[in-house]
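Read through the structure below, which is laid out as structure tokens, and then see the notes.
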Amino acid sequence: MLEVKELVTYHGSIRTIDSISFHVNTGEIVSIIGANGVGKSTLLGTLAGLYRPSQGEILLDGESIFSLPAYKIVRQGISLVPQGRQIFSSLSVRKNLVLGMYHNYQKTKKNLMKSKIDKMLEIFPSLKKHLNNMGGNLSGGEQQMLAIARGLMSDPKIILLDEPSIGLAPIIVREILEILQSVRDEFGMTVILVEQNVKAALKISDRAYIMDKGKFVLSGHSYELINNPMIQSTYLGLKT
Amino acid sequence: MPEQIVQFTITGILTGSIYALVAIGLVTFYNVTGILNLAQGDFVMLGGMIFVSIYKLGLPLLPAAVLSIILIAIIGIFIERTAIYTARNSPIIILISITVGLGIFLHGLALIIWGTSPQSTSSFIGSEPIRIYGAVLPPQGILVIISLLLLLLVLYIFFEKTILGTSLKACMINPEASQLVGINVRNMSMLSFTISAAIGAIGGIIVAPISGITYDMGLMLSVKGFMAMVIGGMTNVFGAVVGGLILGLFESFTAGMISTIYSDAISFVILILFLFLLPNGLFAKSKGKRV
Amino acid sequence: MGKSILEIDDLTKRFGGILAVNDISFNINEGEIVAVIGPNGAGKTTLFNMISNVIMPTQGEVRFKGEKISARKIHTLAKLGMTRTFQNLLIFENMSVLENVMLGTHIKLNTTILTAGFRLPSVKKDEEMSFYMASEALELVGLKSRMYERAETLPYGLQKLLEIARAIVSNPTLVLLDEPMAGLNDSEKNKITQVILNMRKKGYSFLFIEHDMRVVMEMADRIIVMDFGNKIAEGSPEEIQKDPKVIQAYLGEEVF
Amino acid sequence: MDIRKILYNGRWKSLMTMLALILIAPFLFSSSYLLTVLILIGIYSIVTLGLSLLTGYAGQLSLGQAGFFAIGAYTSGILTTAYGVSPWIAIIIAMIVTAIFAYLMGIPTLKLKEYFFSLATMAFNMIVFILIVGMYNFTGGAQGLIGIPKLSVINFPLEGLSYYFLVWSIVFVVTLFSMNIIQSHVGRILRGIHSSEIATSTQGINVAKYKLHIFVISAVFASLAGSLYAHFFNFISPFSFQVSVSIQFLIMLFVGGARSSWGAILGASIMTLLVELIDWIVSSFMNGGGELGLLIYGFMYILVLILMPSGLVSIITKVTDKLKTRFQTLFYKKEEVTIGEEHIGD
Amino acid sequence: GNTKSSSTVQNEPSNTNSSDSINIGVLVAETGASSSMGKPGSEAVKLIDDQLKKNGGMINGKKVEIHLQDFKSDDPTAILKLKDLISKEKIVAVVGATNLSASSAVSTEAEKNKIPMVSLASLPNGYGHYIFGVVQKDIVIQSVIVDYLKKNNIKSVAFMHARDGFGQNGLKSFQELGKENNIDVVAVENFEVLASDMTVQLTKIKAKNPDAIIVWTRPPASGVIAKNYKQLGLSIPMIQSHATANQTFLDQVGTDGEGQLVVGSKLNTINQFPDSKQIKISKDFSEAFSKKYNYEPNVFSGYAYDGVQLVLDAISKGNDTPEKIRDYFENGIHNYPGITGTISFSKDDHSQVAPDGLALFRIQNQKWTLVK
Ligand SMILES: Nc1ncnc2c1ncn2[C@@H]1O[C@H](COP(=O)(O)OP(=O)(O)OP(=O)(O)O)[C@@H](O)[C@H]1O
Ligand SMILES: Nc1ncnc2c1ncn2[C@@H]1O[C@H](COP(=O)(O)OP(=O)(O)OP(=O)(O)O)[C@@H](O)[C@H]1O
Ligand SMILES: [Mg+2]
Ligand SMILES: [Mg+2]
């Protein structure tokens, strides 16, 4: 459903994304793995429209979304949960959630909206008592949960998650990853996941790409990669 | 003496309401962009000028008022697209400076069109003052207060209860995240600028019969509006109104009870003292920033 | 184990109706690495903020090297030997990486506005010293090659390293690290772990919050577990790992 | 990597250029009118240099600089006219008075954040203005204070060219002083305060102290400029010290480039010259009145800001950098150093 | 280029040679705080300029040019502009500046450069060798008011003024005048020029029970006061200054101004006066002015007109250097029929202007009517 061809993005004069091509099928969970600074966030940011690519092609269901601004891309059904949370710090948690469905707010019925918020609170019970607390007052992990919840509120076709496990307790990480799987299974949502927690990421994803210096250097099914000795030594910290 | 006190109160509330009207406009744009629009007072001026001109052509009050508000809104859109939008990537402080330039431009324009003499109309609703305990309230004053309250109500509902209002606020808090949820941040800046320009026009229309409109009144109004806005905590429409009233009352009471020469100086001293007690203004919500 | 340098007594913090930290007490000894773990929203960061005087406790007190510090200004702590990093990064975005770390050397310098203005010889000496200290710290965390870049253009992971470098550059006695490893990849994590363990050998103490259990197990001499503002357990990594309360509240059945 | 490069980041080359310009300028502009404009630019530069430290670096947006400018001018003016104090001594006294004033005022005001600080400084400016108008027995009130003596050296009055050199040598010293501050640990502290006060104080830095010091220094600069202004025009009136003048100072700073001493001077020059240029164009070619000038001025003003969002100085830097890299790549690999001051042409 | 400090300029005959035209400088505040006075003045000057150009710009076979500069109501700018006029245009005389503080600022500069100056504000304390004025001293204008007060047996008044040079100076001179004429100033109130409400001041005045109120300011403030006065239901006489005597004010106050008093120029009701040489000049000027600008001239147009005409008069008598013009002013201007009053200069008085161009008006049916 998402097809990226020879994508190039610059930061100033540095070619941060250096001609990347890949594709993601509907209902897949795909992980992107790489060391710090190889350009993972930039790639997701480019897909979501935050950075302007300078070359290449991005097709969503066959239609080009290349170089569309971020707010239009969301309407096409791609939602990014950015690194560093980026919640609305001086709005209440509830308003943060409501804004998550901004782009189809008009079409959404009041009670549907309420039930959606309730659903998010079910997934992230620790947000419940903070519903009227300001986003910025939450703890780091709670903010991360809020960011993910906000991303899910828009019912995206594809959700891009940039290191969602940062700052979350191990038990929550596991829960979230399970939730991702279940959303995928239930609604056919497609997930692109950037993770440092490689083992966990590979465990839930169907396929993965390994990224280095702006390029994809390796790709394959997760079960293959997890047994790849190179991956094991570099990313899983296992001595082979 | 009690008669005087009532009079000072009325005067304070009236001048305060005008400051409040400017402050509301300032807050509306600030809430969305973080920009302090120092040309807000000039929108009041321009709105008033245009209104007086249309009104004097013979149009009835209401259509003349609506027409001038619409005109100012259009001018607002134009100005936002040319002066603010083109500079959108500049630091906030540059954008604030641009609004200063805008103010100069607008009052230069007004000077060319309307000259130096004040433009004014007669009171809309009769001129027989209303007596309260020996003090007088000009009927026009009632109109000022009513419009202020109405505007306050509308804006309060807009910002606090509608998604559009919330999304306007979101733009300032985090423009990047706003885009990510589908808000067109650029248009929001235009929308809010237009709204605040229109609020300015309302201010101008209301002031026209009271003190008349002069081309150079803008900066003074912006400054007073800014003070009101800060007292009220910067981001809060309700706070802006209370801030404006406090400022107006301060001024009239220090002038009335202490000294007219130093009334402003004294009220500024009180203002500063007040800021030390409430360093974030009256109705500041916590910024939601923690480390 | 050395003598105790940080003593925390009955520390409590309320935010309106939320009891973020409830009556926490513990000590840290010289040369010790202590970890604080616990579910999200347990009050760990709030605890750090109180220790480093960023916020005032509702109740209780903190003593550092025998001195009560709760009434002190934030900036006096660095001189006493306590520095910290932040969970939501607080780097100086408008500066280069090097300059960020050079600011961390402040307590070792004597430059004042007037000496700087007149460029007295001491200023130059200060600058040189600051430069070498900062480069060393950057070398230690592996950021030296990027020291002239603007800090905000660094990727998230490296910004974390930058904060760590800034916190250790002034040779403090105790460093508070709030989730130092979040966002780092495994090899960076290993590196930082080694850096910290080496520093411990030289007598530095650390108090850190972390959700990566592998790192916690490897680094910590002692672990304090918080939940809903309360201390629910304290002990050696082995003890904590087996503690059913901790498993239930925090770790889950399977440890990644 | 040479540590010198960080410390003496091309300072002397640009300072020498400045010195040369100072020496040449009056010979390029011969009329007493243009000389006056140059002197004014010098006086304003002293204010904007201080403002650059306070606002550009430390991030404290002061809307009250004209208040300190006024204290300088009026202390000088009153001491020399009413009490016969020597102008030189009056300048010094004015600076001390201002320093004390700024210090006392700074302690509480600097606790305020962002716009709240701006408001407090603005209120201060207004109070100063009101007091000048109100205390007319001392200050001459709204009519202004006349008969302020010229500065003189051993009975040789400084005016015209000699005053020009006096003002600009002071500008030179003030520039050097500011650059020394900026290119030092203190400069980093100021930028740190701008970025995050909490993060700065956790580095062991007494934020309040540095803010206060820099506030006092910028006030003293403004006061010095105010005294020079008074002794130059031999006349002052309160309207030269209104809040709008404070705003003008800020705008000069931002047009030039807030985070650079060169920007401060450049901004003062551009904005002052712009006004004169427009007046000249309007009066000689357009047969329009001052109101047309106002319109054009507002328009140019916006245009300049839109075109140069980080100040004129950044554009100059970009151009010279480009030329330099072109030049340098021919010979050796360029080493990227930008520390502290944004620099031009080093 | 050669450099001249202003001290060398001072010693240089800045007029004679260079160009063949004779240049006159005019400094007015077209913009800024004083523009409501400066603008009508500058338009009067432009009117003269037009008329001059119609005649080919020639007087006595010599080309005369008027150089008008806006000093933006900023006093140092006025000095700057004067320097510019002197060094660039080599002017022989300067007319200006609009307001008091600017006039006193430039007078020093004019004196230093030995350029005769015709001030458009009444300079209070002494004048230089080269400084003249076409504006009645405040005391002269206020004597019109005092006459009225005496006639109506009014002994206690309140004085209200703006916090500007005009207002502060007006207060000073009225206090002196009051003392001389046994009129008590029982209340003094002041206000910001741009203030939009004066109820507080008027309320305080009301409490002091004066028999009349004197107001020394210009529109819009004077209009606001007039309206507030009406609203508060005050009935004692209120007399406003000549700065208020213009159509703007009438428009602003509408029916609220009925019955209030204003000191004005005869220009205001030019047809209500019997013909005389002065009235004739005024009429011509008034008609030409209203034709060109669509509004009636006021006192400030009159001052500027008189100022420039005086210089032209000097030139037409063959005086084409600063020195000659100065000498002509001191010796040759006797009973000169200025629009705003009859002007007579002498060695001892460089700004004797009779109040005969002025009169006291009452607003009736939104029009000026002469108070007999
Ligand atoms: N605004 C910017 N300007 C210049 N360079 C940038 C900017 N943002 C990122 N970069 C550079 O682009 C490269 C890729 O950064 P990116 O944030 O995409 O890395 P990442 O793979 O997400 O790293 P991490 O795992 O640490 O989050 C880095 O070298 C970074 O320094
Ligand atoms: N200023 C505040 N106002 C209101 N609530 C607050 C404030 N600061 C913290 N809290 C609440 O206090 C609780 C503790 O927060 P804290 O940041 O200390 O948690 P934490 O243990 O660090 O969590 P995490 O692991 O997610 O970072 C949270 O529920 C948080 O929402
Ligand atoms: Mg990243
Ligand atoms: Mg935390």
Side-chain angles (χ1 to χ4, degrees), chain A residues 11-12 14 16 33-42 82-85 87 89 124-127 129-130 132-134 136-146 162-163 165-175 177-178 194-200 203 232-238, chain C residues 15-18 20 37-46 86-89 142-143 146 149-150 153-161 178-179 181-191 193 209-216 218 226-228 246-256:
Chain A
H11 274 312
I14 304 162
T16 314
I33 288 158
N36 293 123
V38 297
K40 306 178 299 293
S41 296
T42 311
Q83 193 165 22
R85 290 131 197 185
I87 50 146
S89 54
F124 302 106
S126 34
L127 292 182
K129 70 171 175 185
H130 292 294
N132 293 316
N133 198 347
M134 248 179 265
N137 284 341
L138 299 189
S139 83
E142 288 161 347
Q143 290 186 12
Q144 185 64 45
M145 295 177 213
L146 178 58
D162 199 349
E163 307 201 20
S165 73
I166 285 185
L168 293 181
I171 193 166
I172 306 280
V173 174
R174 215 163 315 137
E175 271 172 34
L177 295 179
E178 277 161 17
V194 166
E195 255 306 331
Q196 293 295 357
N197 198 338
V198 176
K199 208 163 152 193
K203 212 163 187 178
Q232 286 186 341
S233 70
T234 332
Y235 297 104
L236 301 179
L238 305 171
Chain C
F15 295 106
I18 298 166
I37 64 172
N40 297 117
K44 306 179 292 297
T45 301
T46 308
F86 297 90
Q87 181 173 15
N88 296 323
L89 296 168
L143 267 180
R146 307 190 70 158
E149 284 174 38
R150 253 175 93 88
T153 66
L154 287 189
Y156 185 83
L158 302 190
Q159 291 185 353
K160 297 229 70 139
L161 295 183
D178 197 345
E179 299 192 21
M181 304 301 182
L184 294 187
N185 62 19
D186 284 6
S187 66
E188 297 287 357
K189 280 180 189 168
N190 288 339
K191 191 167 75 200
T193 309
I209 299 173
E210 187 52 60
H211 288 301
D212 184 328
M213 289 316 290
R214 202 166 55 84
V215 171
V216 174
E218 205 172 326
M226 287 177 72
D227 192 15
F228 291 113
V246 181
I247 293 176
Q248 202 249 335
Y250 182 62
L251 298 174
E253 270 75 59
E254 180 191 1
V255 179
F256 272 98

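Nothing here was measured: the structure is a model prediction, and the numbers come from that model. Reminder, nothing fancy here: chain letters follow the sequence lines and each chain counts from 1.
- In this structure, the portion of A:Ile172 lying under 4.5 Å from any heavy atom of chain C is its side chain and not its backbone.
- Counting heavy-atom pairs closer than 4.5 Å to chain A, the top-ranked of the candidates C:Leu158, C:Leu154, C:Leu184 is C:Leu184.
- With salt bridges taken as basic N to acidic carboxylate O contacts below 4.0 Å, none links A:Asp162 and A:Lys40.
- Between C:Asp227 and C:Pro39 the shortest heavy-atom distance is OD1-CG, 3.3 Å.
- Residue A:His11 does not touch chain C at all, counting heavy-atom pairs closer than 4.5 Å.
- Between the CD atom in A:Gln144 and the OG atom in A:Ser139 there is a gap of 10.5 Å [rounded to 0.5 Å].
- The candidate from A:Thr42, A:Ile166, A:Asn36, A:Ile33 with the greatest count of non-hydrogen atom pairs under 4.5 Å with chain C is A:Asn36.
- Between C:Ala182 and A:Gly167 the shortest heavy-atom distance is CB-N, 4.3 Å.
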